[in-house]
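These numbers come from a predicted model, not from an experiment. Along the sequence shown, residues carry numbers from 1.
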Amino acid sequence: MTTTTPTTPTPPMTPTAPTTPTPTTAYVHGYSPQEARRLGDQADTLAALLHAGTAYPPGSRVLEVGCGVGAQTVHLVRSSPGARIVAVDRSEESLTQARAYVTEQAPAADVTWHPADLFQLPFTDAEFDHIFTCFVLEHLRDPGRALAELRRVLRPGGTLTVIEGDHGSVVFHPDSRHAHEVIGHQVRLQSAAGGNALLGRELQPLLTDAGFTDVVVRPRTVYADGTRPALVDGFTRKTFIAMIESVRDDAMTAGLTTAADWDRGIADLRRAADDGGTFHYTFFKATAVNPQP
């Protein structure tokens, strides 16, 4: 494994679109089996952290937007077993995987599945009591427009829960400029695809500007070191580093890096998961209310 001399931490990056070709899909991580496994590892590792405090009353109608392969849906149904969950995603393939996964993990769950465009949801006004969305807004060109559509289908007084990450919150040891650079390539590729990997810090103004009230944003911090081996494996290795590794080909195609520089950066990033390494990341969880007329 390549070693580097620790350097002064690189400041958080502002997403900047490269002038070279962009990824072929707006979901910069792609839809491979490896990505499906990564999403499952992420959801299972972070379930206690991200889902704590989220539980919906029996009989309430809950919309999960951007359910993907069902990784978060499983935890929703476990924390709210009596809720009636409607899960939507634009990918038919992802919905098929989600249906099979949730049926296997929680066969008694009350979940209805719909292929749907987030910007034109096939539901009537005020149809849902609560809405839950996790790691979705960061992939949208116009998150404000999406939030307006969510307000439309949410009843007055209903709640919205949004969870997003922020790659600018990454802190690790041993520090390395080269490792920060490969993270920066993922940020730029996501920006070029129309998303924002730094969205977590923007949740409060986004929700407020969309007309929601009682907006509360709380950081949910992941810290992993040798005393927390489950987090080192489940989050540092299988969630974060795996996510960065998945954009290698796009970064090379876009001319953002060379093979040698990429390999050096990933090798340095992996040191955070080795003995003596540490890794820190902050998610942001927001709750808000659709105000009464």
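- At least one donor-acceptor pair under 3.5 Å links the side chain of Ser246 to the backbone N or O of Met243.
- Between the side chains of Thr278 and His173, no donor-acceptor pair is found at a separation under 3.5 Å.
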Which is it for Tyr101 and Val74 under the side chain to side chain contact (heavy atoms under 4.5 Å, CB included) test, yes or no, and what are the steps along the way?
CA-CA 8 Å; Tyr101 182 62; Val74 165; 3.3 Å; yes

Applying side chain to side chain contact (heavy atoms under 4.5 Å, CB included) to Val182 and Gln186, what does each step give before you reach the verdict?
CA-CA 7 Å; Val182 294; Gln186 195 280 331; over 6 Å; no

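- Distance check: Tyr281 OH to Leu46 CG gives 10.0 Å after rounding to the nearest 0.5 Å.
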Sequence neighbours excluded and cut-off under 3.5 Å, please list the side-chain donor-acceptor pairs for residues 54-63, or say none.
unit_1	atom_1	unit_2	atom_2	d
Thr54	OG1	Lys285	NZ	2.5
Ser60	OG	Pro57	O	2.6
Arg61	NH2	Glu127	OE2	3.2

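- Salt bridge absent: Glu181 and Arg188 never bring a charged side-chain N and a carboxylate O closer than 4.0 Å.
- Between Arg237 and Val232, the closest side-chain pair of non-hydrogen atoms falls below 4.5 Å.
- Of all heavy-atom pairs between Gly211 and Arg151, the closest is CA-NH1, 3.5 Å.
- Side-chain heavy atoms closer than 4.5 Å link hydrophobic residues (I, L, V, M, F, W, Y) into clusters, and following such links, possibly through other members, connects Ile241 to Leu231.
- Remark: the backbone N or O of Trp113 is not paired with any side-chain donor or acceptor of Arg99 at under 3.5 angstrom.
- Considering all non-hydrogen atoms of both residues, Val217 and Ala286 come closest at CG2-CB, 3.7 Å.
- Of all heavy-atom pairs between Leu256 and His185, the closest is O-CE1, 3.3 Å.
- At most 12 heavy atoms of other shown residues, nucleotides or ligands fall within 6.0 angstrom of atom CG in Asp275.
- Of the N and O atoms on the side chains of Glu92 and Thr96, not one donor lies less than 3.5 Å from an acceptor on the other residue.
- The CE atom of Met252 lies 9.5 Å from the CG atom of Asp261; values are rounded to the nearest 0.5 Å.
- Residues Phe284 and Leu50 fall into different hydrophobic clusters, defined by Ile, Leu, Val, Met, Phe, Trp and Tyr side chains chained together at heavy-atom separations under 4.5 Å.
- Between Phe235 and Phe283, the angle of the ring planes goes over 60°, which puts this pair in the perpendicular group of the 30/60° scheme.
- Looking only at distances, no side-chain donor or acceptor of Asp274 sits under 3.5 Å from a matching main-chain atom of Gly277.
- Using the six-membered ring where Trp is involved, His114 and Phe123 have ring planes that are perpendicular, over 60° apart on the 30 and 60° scheme.
- Considering CG of Asp233 and OG1 of Thr236, their distance stands at 9.0 Å, rounded to 0.5 Å.
- By the ring-ring contact (aromatic ring centres under 6.0 Å, His included) test, His280 pairs with no residue at all, sequence neighbours left out.
- For Arg152, the salt bridge (Lys or Arg N to Asp or Glu O under 4.0 Å) test picks out Asp125, Glu149, with sequence neighbours left out.
- Across all their heavy atoms, Ala146 and Phe119 have their closest contact at N-CE2, 3.6 Å.
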Phe132 and His75: CA distance, side-chain angles, deciding distance, ring-ring contact (aromatic ring centres under 6.0 Å, His included) verdict
CA-CA 12 Å; Phe132 177 90; His75 297 286; over 10 Å; no

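- Between Phe172 and Asp268 there is no side-chain heavy-atom pair separated by less than 4.5 Å.
- The shortest distance between side-chain heavy atoms of Phe279 and Val222 does not fall below 4.5 Å.
- For the residue pair Asn196/Glu202, the side-chain donor-acceptor check at 3.5 Å is satisfied.
- Under the 4.5 Å side-chain criterion, counting only non-hydrogen atoms from C-beta, Val77 is in contact with Ile85.
- Looking only at distances, a side-chain donor or acceptor of Asn290 sits under 3.5 Å from a matching main-chain atom of Leu154.
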His51 vs Leu76, side chain to side chain contact (heavy atoms under 4.5 Å, CB included): CA-CA, chis, key distance, verdict
CA-CA 8 Å; His51 285 268; Leu76 276 181; 4.2 Å; yes

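- Counting only heavy atoms from C-beta outward, the side chains of Glu164 and Leu137 approach each other to under 4.5 Å.
- Using a 4.5 Å cut-off on side-chain heavy atoms (C-beta onward), Glu245 and Arg270 make contact.
- Here the side chain of Arg220 pairs a donor or acceptor atom with the backbone of Leu49 at under 3.5 angstrom.
- Note: Leu206 CG to Leu199 CG = 5.5 Å, rounded to the nearest 0.5 Å.
- If you take NE2 on His178 and OG1 on Thr257, they are separated by 10.5 Å, rounding to the nearest 0.5 Å.
- Side-chain contact between Phe128 and Val86 is present, with at least one heavy-atom pair separated by less than 4.5 Å.
- Smallest separation of non-hydrogen atoms from Asp89 and Ser94: OD1-CB, 4.0 Å.
- Between Leu150 and Val65 there is a side-chain heavy-atom pair separated by less than 4.5 Å.
- Side chain of Ser191 to main chain of Val187: no donor-acceptor pair is present (N/O by atom type, distance under 3.5 Å, no hydrogens or angles).
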Decide side chain to side chain contact (heavy atoms under 4.5 Å, CB included) for Arg248 and Ile266; before the verdict, give the C-alpha distance in whole Å, the side-chain angles of both, and the deciding distance to 0.1 Å.
CA-CA 10 Å; Arg248 180 185 190 275; Ile266 288 294; over 6 Å; no

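- For the pairing with Ile131, the side chain to side chain contact (heavy atoms under 4.5 Å, CB included) check across Val162, Val153, Thr161 returns one residue only, Val153.
- Relative ring orientation between Phe240 and His167 is described as perpendicular, the plane-to-plane angle rising above 60° on a 0-90° scale split at 30° and 60°.
- Between the OG1 atom of Thr133 and the CG atom of Leu140 there is a distance of 8.0 Å, given to the nearest 0.5 Å.
- Leu203 and Leu198 fall into different hydrophobic clusters, where Ile, Leu, Val, Met, Phe, Trp and Tyr residues are linked whenever their side-chain heavy atoms come under 4.5 Å apart, directly or through other members.
- Taking all atoms of both residues into account, the shortest heavy-atom contact from Phe212 to Leu147 is CE1-O, 3.8 Å.
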